[in-house]
There are 2 protein chains.
Amino acid sequence: MNDRPDTRTRILDAAQELIQRRGVNGMSFKDISDIVGIRKPSIHHHFASKDDLVVALLQRYRQQFEVTLEGITCQHETAQEQLIAYMRLFEQTLQVGDQDQSCLCGMLAAEVLSLCPHACDAVNGFLTDNVRFLSELLQVGREQGSLQFAGEPAEMASMIFAALQGGLIVARSQAQPQQMAVVTRQLLCSVSPPVA
Amino acid sequence: MNDRPDTRTRILDAAQELIQRRGVNGMSFKDISDIVGIRKPSIHHHFASKDDLVVALLQRYRQQFEVTLEGITCQHETAQEQLIAYMRLFEQTLQVGDQDQSCLCGMLAAEVLSLCPHACDAVNGFLTDNVRFLSELLQVGREQGSLQFAGEPAEMASMIFAALQGGLIVARSQAQPQQMAVVTRQLLCSVSPPVA
DNA sequence: GTCTATAGCGCGATAGAC
DNA sequence: GTCTATCGCGCTATAGAC
């Protein structure tokens, strides 16, 4: 009957939203306590330090993302459809709330010098996982014939992932969410077989 | 005979380096004063506030960048060569010092919610200028025949610029500068006519 | 598990001497 | 133009009552 998540979860939710908007260095315990509706020191009962909070947040985020990627693989037949669904994730990020949220790990990757070693490893693990996922998807797509491109799948994967992360940052900064769709459409063109 | 720049310039240099490494929110007057070798309050003599410093920095950066872009246009004949030279700028950013510097405006675009309106406008102006430069370059290249791609030049320009910005963030986070060259090579593939 | 109170520090910024 | 001294604030974190 109680559909409100527990405090720990609500703290993580607030922290994630704040980091995706302003970055780690732009987020404070005060901001979190305002959103969650508890006092600042109460946060320390759930997370000993700010670093611990960020590490826990990354752990949850990567778990959720893994499930999402599995869903994409299962729910779509062709690699092309899977790629479209994957890119949709990034477009959707910009459609939440005030349209000012970027990818959590893209944001943290930009601020990587402010992170503790554990958080740094988690961010880079996320980046690597994504490029690997894309790389396998491109490989399969090329074999299927639903995708076509020059060069190695791993290199095209790096390029596509970079474009999606950069696209989020640029589109959000300029307050033009539709620019994200422009980037994904152009990416799709770049790996699609000629229409003829 | 005095080859050391004046204090104002050295403050801007320090601020730029710090922002490209840690972002605005990760940079402080203390950091600047340590690098420049003056006391914290002395900075206020040159820049009334932190916002003023950031705005002045962006003004200088955009002026310098404009000159660089003109140089690229003049020094290279074909659009393809100009594109290669442009992308080289992003690779070179990652080759400076400890290889942990990103693009100033890419960093600030990620932290755009922490900027004053003037700085925000300057960052977005920089982004727009770059996409426009690329867009014209792609248009000319297509007409020349040195470049070839599907879709509109403006849309391909958005995609390329996003990939360069995202590529910087990812490669830097993972401490793999060579990944930046992977991205630029793949981008070049995507706008090059078939070798045959 | 949440609270009040507070420690301890770093921040941007100001005042005023030199 | 740079300095010392300091203000006022916000931060993360801790101590201890309830």
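Computed over heavy atoms, backbone and side chain alike; hydrogens, waters and symmetry mates excluded. None of these values were measured; they are calculated from a predicted model. Just so it is clear: chains get the letters A, B, ... in the order the sequence lines come, proteins before strands, and each one is counted from 1.
- In summary, the side chains of B/Q16 and B/Q20 do present a donor paired with an acceptor at a separation below 3.5 Å, with no hydrogens or angles considered.
- The stretch residues 37-59 of chain B touches DNA chain D through B/I38, B/R39, B/P41, B/S42, B/H45, B/H46, each having a heavy atom under 4.0 angstrom from the strand.
- Between B/S28 and C/dC11, a side-chain N or O to OP1/OP2 separation shorter than 4.0 Å is present.
- Taking atom CG on A/D31 and atom P on D/dC11, their separation rounds to 6 Å, with Å as the unit.
- Salt-bridge check for A/D34 with A/K40: failed, with every basic side-chain N at 4.0 Å or more from each acidic carboxylate O.
- Residues forming a side-chain hydrogen bond (donor to acceptor under 3.5 Å, both in side chains) with B/R185 (at least two apart in sequence, or on another chain): A/E155.
- The one candidate from A/R142, A/E143, A/E136 that meets the side-chain hydrogen bond (donor to acceptor under 3.5 Å, both in side chains) condition with A/Q139 is A/E143.
- Between the side chains of A/E91 and A/T184, at least one donor N or O lies within less than 3.5 Å of an accepting N or O.
- Rounded to a whole Å, the CE atom of A/M27 is 17 Å from the P atom of D/dG10.
- Among the nucleotides C/dA13, C/dC11, C/dT2, the one closest to any side-chain atom of B/F29 is C/dA13.
- In the model, B/Q144 has a side-chain atom that pairs as donor or acceptor with a side-chain atom of B/S146 under 3.5 Å.
- C/dG10 atom C1' lies 18 Å from atom NZ of A/K30, rounded to whole Å.
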